[in-house]
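Since the structure is predicted, the reported quantities are computational estimates derived from the model, not experimental observations. Chain naming here is simple, since letters A, B, ... match the order of the sequence lines and numbering starts at 1 in each.
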Amino acid sequence: MPSERHLILKNIRKPGYSTDIECYLRHGGYQALRKALALQPVAQPDGTAIGPKEQIRREVEISGLRGRGGAGFSCGMKWSLVDRKSGKPIYLVCNADESEPGTFKDRQIIHRDPHQLIEGMIIACYANDVHLAFIYIRGEFIEGARILERALEEARAAGFLGRNILGTGYDLDIYIHRGAGAYICGEETGLIESLEGKRPYPRIKPPYFPAVLGLYQCPTIVNNVETLCAVKHIVDMGGAEYARLGTPDNTGTRLVCISGHVKRPGCYEIEVGKVTFRDLIFDEAFGGGLHDARQLKAIIPGGVSAKVFRAGEKVRVTKRAADGKMFETEMDVLDLPYDFTSVSAAGSMSGSGAIIVLDDSADMVEVLANISEFFAHESCGQCTPCREGSLWMAKILRRLAKGNGQPADLALLLSVADQIPGGRTICAFGEACSWPVQSLLVKFGDEFRAKVQATADKRPDRAFAEVQ
Amino acid sequence: MKQSQQSNDPLASPPGMISVTVDGRTVLVPRTMPDWQGRQVPTTMLQACELAGVTVPHYCYHPKLPVAGNCRMCLVEYGVPALGPDRKPVRQPDGSLVIKKSPRPAIACATPVSPGMEIYTSTPTVKLMRQSVLEFLLINHPLDCPICDQAGECKLQEYSVEYGRASSRFAETKVHKNKQIDLGPRIMLDQERCILCSRCIRFTRDVVGDDALGIINRGSYSAIAAYPGTTFDNNYTLNTADICPVGALTSKDFRFQMRVWFLKETMSLCASCGTGCNIVIGSRENCIYRFTPRQNDAVNSCWMCDYGRLNYRWIERTDRLTRPGGSKLTSPDWEDAINGIAAALKKAVPGHIAIVASARLTNEELYLVRRLAQFLGAPTDCVPRSGPADNLLLCADRNPNTKGAQLLGIAASPPGVNLPVFARLIRNGTIRSLLVFGEDVTRHGITADDLARLDFLAASDIHTNGTTAVSHYFLPGCAHVEKRGSFTNVHGRIQRFEKAVDPPGLARPELHWLRELVCRVTGQSMGGTVESVFEAMRAEVPAFRNIAWADLGDHGVATHG
Amino acid sequence: MSWALPKEVEEKVDSLVGRYPQPRSAVVMVLHALQEHFGCISPEAIEWTARKLGLRPINVLELVTFYPMFRREPFGRFHLRICRTLSCALAGSHQLHRHICERLGLNPEKPGPQTSADGLFTVEFVECLASCGTAPVIMCNETQHEQMTIEQVDKLLDECRCKCRTERQGGLAAEHGFEP
Ligand SMILES: Cc1cc2nc3c(=O)[nH]c(=O)nc-3n(C[C@H](O)[C@H](O)[C@H](O)COP(=O)(O)O)c2cc1C
Ligand code: SF4
Ligand code: SF4
Ligand code: SF4
Ligand code: FES
Ligand code: FES
């Protein structure tokens with residue numbers, strides 16, 4: 001029986017649980033922080049000692065935690081790349097921009113358990129010698145920002161933040177920084193520019209790797225809300241114990257956001273890789289199945305940036321057998337375990353953990369037009385292919401959806417989509433805006449062809465006149 | 001490893017050098033090269049390609065601006081030596097490196113090279129990437145090239161021909177923006193032609209320090225703008241029209257004047273201050289259309305100031321002196337004029353004659369003045385000119401050749417201190433004769449009444465002035481654009497310039513008639529070209545010793561002053 | 001000049017600026033504070049912010065025009081943000097937008113902000129509000145309304161109208177010094 005596994009949502013799901021610090025403390029809050037701050041240097045056989053901060057970083061490395069913001073990059077690795085010798089301050093920014101359509105997990109934490117995030121952040125900051133950190137929260141989370149502000153004040157009053165935290169001599173301040181409605185502020189270098197008060201134009205890499213040249217050209221760690229909460233649990237239970245949750249390359253638990261045509265949309269916490277798409281969409285513990293008499297048509301597995309899966313699609317993935325050997329196998333997409341590795345092996349990504357389910361009532365031309373309009377609206381406009389390509393695609397698609405397309409448009413659309421991704425743009429938005437177009441056009445080509453054919457049959461001269 | 005192998009092993013380059021291969025050609029490039037501010041930073045692919053003789057097309061990159069990496073025109077493919085499990089490079093049986101091609105392209109303008117790197121700038125993939133960038137840049141472009149001033153200098157046009165697609169596939173409505181924005185007193189902006197390369201923003205922010213331009217709106221609707229109600233009005237705004245790769249920023253001075261391909265280009269200098277910015281003069285049919293900066297990293301980088309750039313209209317003023325004249329000259333005849341002056345000078349008594357020569361004259365001309373002064377035993381001086389300086393190029397000294405005049409002993413120290421002395425000596429009758437070359441001394445402390453006391457006054461200038469009006473002989477001179485020669489800038493750099501247009505009427509370059517005068521008065525003989533006068537000068541004046549005219553090249557050399 | 005900033009807003013701004021190692025970082029937060037106070041970002045607000053943070057007005061305008069949450073004209077008393085993006089669209093948010101526009105006499109084809117003739121409502125489509133599990137979502141001012149239906153939208157509009165009426169009466173009462 002597939003089921004949820006609660007770590008991050010543990011308290012949130014308890015009846016009567018509230019956002020104030022007393023409630024959090026009653027539920028064992030800030031114990032992980034106390035534990036972290038109480039760590040002592042551990043002597044090594046060779047006479048050296050490993051300091052408390054390094055111990056925490058090692059636990060995070062051992063935990064196998066992968067970033068929950070979208071890319072699934074190893075958190076331990078990210079921290080290990082931080083330039084600790086530059087003599088400059090190190091900053092940490094919590095990415096609470098939550099703007100990948102389909103994603104609403106960070107909202108759960110912020111609105112209902114803000115202290116969990118703050119505790120995770122304080123630990124991460126301590127482990128990385130950070131003395132000033134920011135929570136970059138999307139502008140529309142007006143209530144969320146207020147809740148966090150209040151929680152930060154409570155934490156300050158309780159001595160968890162500010163000068164000389166819990167008498168350890170460690171100083172840290174965390175401030176809220178609100179965005180104002182821009183998806184690109186979720187991209188870590190766009191976020192950094194935005195936090196510097198500039199247009200949120202993502203930076204070129206090289207040379208601007210945040211771990212070396214981030215906020216104010218200082219080493220900077222950007223982590224997602226959920227990632228930072230996981231850090232608290234890793235310190236709580238130990239990295240090795242955390243790594244026992246989930247599967248070897250995809251450890252721990254993960255929040256999955258299910259929306260679209262399911263009976264029970266919502267945010268669920270699973271052990272990574274222990275639950276399949278089938279479970280997530282159909283099981284009573286999760287999505288609860290489609291609405292009556294509807295058939296599954298498509299799954300968007302990781303926010304609208306991800307390449308779509310067609311229902312019934314067979315995917316090939318490489319798996320590790322019990323004896324440790326790797327082998328390739330083909331399976332129905334519904335049987336694919338939900339984890340970073342499997343979904344990407346199947347040609348897409350689990351991204352921000354947002355699954356959008358589409359049943360047979362969905363008009364795929366309209367769906368794609370909707371997605372492309374999002375990207376056209378959100379492209380920051382800094383680099384040529386994305387700036388021009390995203391709007392071009394949206395315009396073609398809106399025309400198709402309105403019934404003014406013609407067969408040649410499909411090849412053109414695909415060709416435009418092919419001209420944007422693959423490292424041609426400054427940031428991964430280029431991929432994000434073209435992947436849905438590439439995958440929907442190919443996997444639902446019949447539907448697109450039928451749409452333009454219907455137009456051509458109905459009004460041949462009109463459809464032609466449109467493009468003249 | 002064998003010695004022979006090591007010598008052409010890309011991973012064993014001489015210290016400070018890196019071996020990279022560009023389109024199959026292996027070159028050694030420096031590990032670091034100067035960035036836009038001249039700081040040594042790791043050499044980029046684009047620089048390495050340049051050194052290998054391969055130009056990578058680009059829009060947003062400019063060697064004198066911080067790198068932005070936004071146009072994506074310079075995308076190239078590349079590979080680096082493959083590493084084995086031991087983290088050591090994998091080699092072929094013949095010892096050559098196994099190169100692992102990167103699955104993703106990189107922007108050449110911002111990506112550093114590494115030892116053994118192979119850069120591919122003309123693969124089908126690279127060509128397709130360029131083609132698509134061009135297509136994207138053109139879909140919302142107004143395509144109004146026939147009426148665009150940039151035509152002929154437009155990188156969009158140029159690259160489209162070279163790398164673009166033949167026909168447009170764009171059938172949607174274009175994004176419309178503002179086509180006629182009066183950005184400031186000298187610059188117009190057409191937002192629709194703009195490709196958002198941000199060069200103009202970076203220039204005015206990072207080079208000038210006037211953060212006046214920005215991008216408003218987002219995505220495809222983004223547009224360059226100044227804040228409403230403010231004007232883009234620093235002294236360097238016209239450089240943005242130069243560096244704008246398309247016709248989005250245009251000079252009001254030059255707008256719709258002339259198609260650029262009709263212009264004759266002449267290597268010259270700006271003469272409006274002592275910095276001596278290197279310029280190109282664009283002219284046609286003896287008419288000057290524009291000054292544009294010419295790169296010289298020792299002087300002006302790629303820039304010039306608006307004041308200097310626009311300071312040429314006076315050349316065509318109608319009050320130019322076009323023939324010799326004066327109260328003692330009966331006909332406008334050069335021979336008579338030179339003879340008359342020479343005769344008067346031969347009678348002049350040392351100690352009773354003085355010379356004022358302009359610091360706008362060339363080194364060679366001032367050298368001739370020096371010869372004359374030495375022979376006549378005449379004290380000399382220049383007229384100083386100054387104005388506010390800025391911290392970029394414009395210097396307080398508004399004469400182009402004060403330093404030359406100092407090195408040649410013409411200018412007093414400080415320049416101009418002799419002028420009141422001359423005035424006093426005229427008034428008390430000591431100075432009986434005065435020569436004025438290229439100035440109006442009546443505006444610099446020697447009054448018309450003073451001049452009336454003189455036994456002899458000869459003057460030259462470009463325009464009629466208070467001095468030429470009362471002189472016994474006056475001679476029409478040339479603007480620097482009408483002659484050849486050299487100036488020495490405030491930092492002691494001697495630079496040459498060429499003639500762009502002919503002088504009006506009978507006006508002749510000062511060098512010509514000064515030489516005649518010197519020969520006539522001193523009885524010495526001397527070559528008549530700029531080069532021969534220069535030769536004589538460097539043989540005599542220590543500051544110019546060992547500097548040959550040919551050494552000056554296009555960028556000049558430091559004098560020993 | 002009629003533009004003046006109350007002391008408490010300026011104090012708030014000062015404390016915001018104090019959070020950052022570089023004042024420029026505060027610009028978006030300052031703009032939020034000014035918009036909260038004035039209802040929109042006027043040229044005076046842009047210029048004041050620039051002066052306050054040692055910037056040029058264009059630096060601020062660049063941001064005001066980038067971020068859709070900043071508005072340069074005052075909005076209605078009730079600001080309805082309807083999520084346009086996929087999950088909400090699948091759950092009928094476009095029908096809601098159309099319905100609201102039609103009820104308020106606005107153009108349903110226009111996604112951008114438009115204000116009803118009585119100045120009471122400003123309606124706009126926005127991108128995903130990160131609440132896709134409870135689609136379709138509408139924000140009315142700062143409050144989020146989830147799983148909206150046509151009926152609930154009608155109710156919401158009526159409540160807003162009603163609230164406005166009592167506010168007006170309250171205002172009147174305050175002016176005339178009697179209890180409402
Ligand atoms: C276009 C784009 C939008 C993104 N939006 C978000 C976001 O809203 N929230 C987030 O946490 N990460 C987002 N990311 C990922 C971040 O760049 C970054 O990888 C992440 O914050 C790192 O945190 P993690 O390592 O904890 O996952 C986005 C990335 C891209 C390219
Ligand atoms: S890819 Fe798009 S979003 Fe990213 S920098 Fe370029 S224009 Fe901006
Ligand atoms: S105006 Fe010219 S220089 Fe400025 S961004 Fe546009 S194209 Fe580039
Ligand atoms: S700085 Fe001086 S030399 Fe250069 S352009 Fe200006 S006036 Fe001419
Ligand atoms: S030249 Fe524009 S990206 Fe390199
Ligand atoms: S799609 Fe509407 S809240 Fe996400």
Side-chain angles (χ1 to χ4, degrees), chain A residues 89 91 98-107 132 134 138-143 146 173 175-183 185 194-200 215-216 218 257-261 264-267 300 304 354 356-359 361-362 366-367 370-371 373-374 377-378 380-381, chain C residues 15-33 35-36 41 49 53 55 59-60 62-71 81 83-91 93-94 111-112 125-135 137 139 141-144 146-147:
Chain A
Y91 294 106
E98 187 143 82
S99 42
E100 175 69 34
T103 319
F104 46 95
K105 63 194 184 66
D106 300 339
R107 166 193 282 275
L132 181 59
F134 295 94
R138 59 176 298 171
E140 297 86 346
F141 281 2
I142 304 171
E143 187 57 28
R146 244 179 239 133
D173 247 311
Y175 293 114
I176 301 294
H177 183 96
R178 291 180 61 203
Y183 171 62
C185 292
S194 173
L195 191 47
E196 288 187 3
K198 302 179 187 143
R199 280 167 76 85
L215 186 61
Y216 311 122
C218 298
C257 311
I258 306 176
S259 67
H261 292 139
R264 294 184 57 214
C267 177
I300 297 175
V304 297
I356 303 173
V357 180
L358 300 169
D359 70 22
S361 68
E366 184 57 43
V367 165
N370 182 291
I371 294 176
E373 279 170 347
F374 169 81
H377 185 257
E378 298 301 329
C380 81
Chain C
S15 89
L16 287 171
V17 175
R19 294 175 169 189
Y20 301 93
Q22 294 178 9
R24 182 173 189 159
S25 284
V27 55
V28 168
M29 293 295 274
V30 171
L31 289 171
H32 274 307
Q35 179 161 295
E36 230 163 75
I41 305 287
T49 306
L53 303 176
L55 300 173
N59 305 140
V60 181
E62 281 192 312
L63 305 190
V64 171
T65 58
F66 187 93
Y67 293 109
M69 280 183 78
F70 294 129
R71 45 190 193 243
R81 286 179 259 225
C83 174
R84 187 209 65 85
T85 320
L86 187 57
S87 300
C88 287
L90 292 172
S93 69
H94 290 242
F125 255 148
V126 295
E127 298 299 346
C128 178
L129 287 165
S131 195
C132 328
T134 52
V137 181
M139 275 178 87
N141 292 345
E142 301 187 352
T143 315
Q144 179 156 307
E146 303 176 340
Q147 289 171 318

Heavy-atom contact with chain A under 4.5 Å, split by part of C:Pro21: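 Both parts, heavy atoms under 4.5 Å.
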Atom group of C:Glu36 that falls short of 4.5 Å from chain A, counting heavy atoms: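 For C:Glu36, the contact with chain A is made by the side chain alone.
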Considering all heavy atoms, the nearest A:Ser259-C:Cys132 contact: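 Taking every non-hydrogen atom into account, CB-O, 3.4 Å.
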Side-chain (C:Arg19) to main-chain (A:His177) donor-acceptor, under 3.5 angstrom: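 Here the side-chain-to-backbone pair does not exist.
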Under 4.5 Å from a heavy atom of chain C, the part of A:Arg138 involved: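 Side chain of A:Arg138 only, per the 4.5 Å heavy-atom cut-off to chain C.
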Residue part contacting chain C, namely of A:Ser194, when any heavy atom lies under 4.5 Å: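 Both backbone and side chain.
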Choice from C:His32, C:Glu62, C:Glu142, C:Met29 maximising heavy atom contacts with chain A below 4.5 Å: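 When all of C:His32, C:Glu62, C:Glu142, C:Met29 are compared, C:His32 has the most.
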Test side chain to side chain contact (heavy atoms under 4.5 Å, CB included) applied to A:Glu373 - qualifying residues, sequence neighbours left out: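 Checked A:Glu373 against side chain to side chain contact (heavy atoms under 4.5 Å, CB included); matches are A:Ala394, A:Arg398, C:Arg84.
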Counterpart residues, side chain to side chain contact (heavy atoms under 4.5 Å, CB included), relative to A:Pro265 (two or more places apart):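 In terms of side chain to side chain contact (heavy atoms under 4.5 Å, CB included), with neighbours along the sequence ignored, A:Pro265 is linked to A:Val262.
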Chi angles and distances behind the side chain to side chain contact (heavy atoms under 4.5 Å, CB included) call for A:Phe104, C:Ser87: CA-CA 11 Å; A:Phe104 46 95; C:Ser87 300; over 6 Å; no
Aromatic centroids of A:Phe134 and C:Tyr20 separated by under 6.0 Å: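 C:Tyr20 vs A:Phe134: aromatic centres under 6.0 Å.
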Residues C:Leu31, A:Arg178; criterion side chain to side chain contact (heavy atoms under 4.5 Å, CB included); working and verdict: CA-CA 10 Å; C:Leu31 289 171; A:Arg178 291 180 61 203; over 6 Å; no
SB check C:Arg81 A:Glu140 (cutoff 4.0 Å):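 No salt bridge links C:Arg81 with A:Glu140.
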